[in-house]
Each structure stands twice: as C-alpha cells, then as structure tokens.
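Notes follow once the structure below has been shown.
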Amino acid sequence: MRSVRDFTAGIGFFLQGVGWVAKNTRWWLFGLIPALIAFAVYVVALIFLGTNASDLAEFLTPFADTWGWRDLFRTLVGILLFLGGLALAVITFAALTLAIGEPFYEKLSAAVDPLETEDDQPWWRTLPRSIRDSLVTLLYVLMFTIPLFLLGFVPVVGQTVVPVLGAAVSGFFLTVELTALAMERRGMARKQRFALLRRNKASALGFGVAVFLLFLVPFVAVIAMPAAVAGAALLVRTRLTPPPPPPIRPEPTHPGLA
C-alpha cells in the first residue's frame, strides 16, 4: 500500500508543478521557447522515420525475403520501429530541451526550490557535464528498451506487458533527467542522484509515468515542460531531499528551580 501511496504522491508533484506555473505564467511562457525548438527538431526526425520505416524494416529483415507473409511482418516491424522512435523521442525530449534552455530552467528550478546554500556554477561549465550525464542515461534507456522492443514481437506479451514495462522504464528515466537540475544545485553527482531515485522508486515512477504519458500527446510536451521542471524541483525538495527539521530548543529553566 505504501508503494501505491508513493506512486500517487509522485503524480501529485507533477500536478503541483502545473499549479506553480499556472500562478507564475511568466516562467511558463519563457519555458515554452526551448521546448518549441526541441519539438521542431523531433517532428522533423519522426516524419523522416515514418516515411522511411518500411525501407528500414526491409533492410533489417533480409532473412524474411522468402517468407510468404514478409510484407505483413515488415509492416509490423516498421510500426514497431516508429513506436520505438517515438518512445525514444519522448525520453530524450526533456534532455534536449534542458540542454537548449539550461540557463532558464536553472533559474526556474531555483525559483521553485530556493536554497540557503547551493552549488552555483556558470551554465557553460555545467552544460558539458549535463550532456555527458544525459548520454549515460540514454545508454541505460537503450539497455532496457532494446530487449523490450524485441519482446514486442511476442504475441500477447508484446501487446500487454511490454507497453506497461516500457512506460515504467521511460517514466523513471524521465524523472532522472527532470530532477537533475534540482539535485545538481545540491552538489549531487550522477551516481548519487541515481541511488536516491532508486531508493524512492515508487515516487519517481509516479511522477515520470505521468509526464511520459502526457509527452506522448503531440504538442502537450511543449506546454507541459515548464510544469514538469517545476514539479521535479518540488519532488526533490519535498520528498527526495526534505530540509532537516528545525533544532529543538531547550525550554528555559527558572533560576529558582535550577
């Protein structure tokens, strides 16, 4: 039951992010600019993949040349390739958008999640590290998505279990990307961030799966990106690294009773 509550709480942090940007529309409007640029890049890439999916499926399946049902098989492969590309685009959309708009999103994260002391570095120094960390995250994603892609060919399992597992994997790594800003401001390295999210897996999944499903809807990813960054900052501040409680002050003792 606790896992269910934590999963639901993770969804709630995204909704809190939506509420925050709704009250601070200036941040939301500026956050749309890098998201629109990234969205345009992915639209072009997905159109190219969609128009060439059949040729790519034929290239990848030379063993099916003699099959009587090769056209149907290659059509299914082409569909899976496009769906795989779409899922990969959703996962990497946050990383590309954060890279494009890192200076802005750092300020947005700081506005949502103010700290007394933070690891403050110029964005041109943190950008190479962020790109490197995103590439490492992408490798982890591929380690999961490639086997899931192959399992997609298995009847029944490929149409039921695999999409659920795919959404869970994609959601978790979306949370990895979106919480990076708030955690880096606390001086946390990539391994520390991964370990913290694994310890809070249900909350990370709830937040990430909600964002992933929304990002699947065309153009919603652009509109929701500032809210996702704000929600991630709230998730880190409230659930993952809550501030320590204030120290308990001893009650003053009356001199006559000492």
Side-chain angles (χ1 to χ4, degrees), residues 1-21 23-24 27 31 90-95 97-99 101-102 104-121 123 126 129-130 132-134 136-138 140-141 144 167-215 224-247:
M1 289 298 295
R2 181 181 176 182
S3 296
V4 175
R5 288 196 302 269
D6 289 346
F7 185 90
T8 305
I11 299 173
F13 282 111
F14 173 69
L15 297 177
Q16 289 179 41
V18 173
W20 192 92
V21 296
K23 295 177 182 177
N24 300 269
W27 289 103
V90 170
I91 298 167
T92 57
F93 174 81
T97 305
L98 290 172
E102 182 160 350
F104 166 80
Y105 288 124
E106 282 184 351
K107 292 180 180 179
L108 190 157
S109 180
V112 178
D113 173 34
L115 300 175
E116 292 184 6
T117 59
E118 62 179 89
D119 185 16
D120 189 13
Q121 298 183 35
W123 69 270
T126 60
R129 183 181 63 195
S130 299
R132 183 182 66 248
D133 289 349
S134 293
V136 172
T137 302
L138 178 60
Y140 278 112
V141 171
F144 288 96
V169 170
S170 302
F172 179 81
F173 285 107
L174 259 179
T175 304
V176 170
E177 289 289 350
L178 290 166
T179 55
L181 284 174
M183 292 191 191
E184 284 179 351
R185 292 174 54 242
R186 290 167 167 78
M188 300 179 68
R190 175 174 48 81
K191 290 183 179 180
Q192 293 173 299
R193 301 198 303 267
F194 266 87
L196 182 59
L197 289 170
R198 284 197 298 268
R199 289 197 299 271
N200 296 271
K201 195 175 298 180
S203 298
L205 283 172
F207 179 83
V209 169
V211 175
F212 173 75
L213 294 177
L214 278 176
F215 278 18
M225 185 64 192
V229 174
L234 292 169
L235 172 65
V236 172
R237 182 178 181 84
T238 308
R239 176 57 61 92
L240 302 184
T241 58

task = Could you pull out all residues at least two apart from Ala195 that satisfy side-chain contact (heavy atoms from CB on, under 4.5 Å)?
result = Arg198, Arg199
key: Results of side-chain contact (heavy atoms from CB on, under 4.5 Å) for Ala210 - residues two or more places apart only   = Ile11
note = Correct closest heavy-atom pair for Met225 and Phe215 would be SD-CZ, 4.0 Å
query = Is the backbone of Val176 close enough, under 3.5 Å, to the side chain of Arg193 for a donor and an acceptor to pair up by distance?
reply = no
query = Got a sec, which residues hit ring-ring contact (aromatic ring centres under 6.0 Å, His included) with Phe7, two or more places apart in sequence or on another chain?
reply = none
remark   = Nearest heavy-atom contact between Gly17 and Leu234 is N-CD1, 3.9 Å
key: Interatomic distance, Thr175 atom OG1 to Phe13 atom CZ [nearest 0.5 angstrom]   = 12.0 Å
query = Which pair of non-hydrogen atoms, one from Ala94 and one from Leu178, has the smallest distance, and what is that distance?
reply = CB-CD2, 4.1 Å
message = Strictly distance-based, threshold 3.5 Å: is any side-chain N or O of Arg239 a donor or acceptor partner for the main-chain N or O of Ala9?
response = no
query = Which atom pair, heavy atoms only, marks the closest approach of Ala182 to Ala233?
reply = CB-CA, 4.1 Å
query = Looking at CG of Leu197 and CZ of Phe207, how far apart are the two atoms once the value is rounded to the nearest 0.5 Å?
reply = 10.5 Å
ask   = Closest heavy-atom contact between Gln192 and Gly187?
value = OE1-O, 3.9 Å
task = Kindly indicate whether the side chain of Thr92, heavy atoms from C-beta on, has any atom under 4.5 Å from the side chain of Glu177.
result = no
inquiry  = Check this for me: Phe104, atom CZ, are more than 12 non-hydrogen atoms of other residues, nucleotides or ligands nearer than 6.0 Å?
reply    = yes
inquiry  = For a quick test of reading the model, state the closest non-hydrogen atom pair linking Gly31 to Tyr105 and the distance between them.
reply    = O-OH, 2.7 Å
task = Please answer whether the main-chain N or O of Ala202 pairs with a side-chain N or O of Ser3 as donor and acceptor at a distance below 3.5 Å.
result = no
inquiry  = With a 4.5 Å cut-off on side-chain heavy atoms, are Val229 and Thr97 touching?
reply    = no
task = Classify the ring geometry between Phe194 and Tyr140 as parallel (under 30°), tilted (30 to 60°) or perpendicular (over 60°).
result = tilted
note = Rounded to the nearest 0.5 Å, the CG atom of Leu235 sits from the CG atom of Leu240 at a distance of 4.0 Å
Counterpart residues, side-chain contact (heavy atoms from CB on, under 4.5 Å), relative to Ala230 (two or more places apart) = Trp20, Val21, Leu108, Val112
request  = Identify, with sequence neighbours excluded, every residue that meets side chain to side chain donor-acceptor pair (under 3.5 Å) alongside Thr179.
outcome  = none
query = Between the side chain of Arg185 and the main-chain N/O of Leu181, is any donor-acceptor distance below 3.5 Å?
reply = no
key: Pairwise side chain to side chain donor-acceptor pair (under 3.5 Å) hits with a residue in residues 8-19, at least two apart   = none
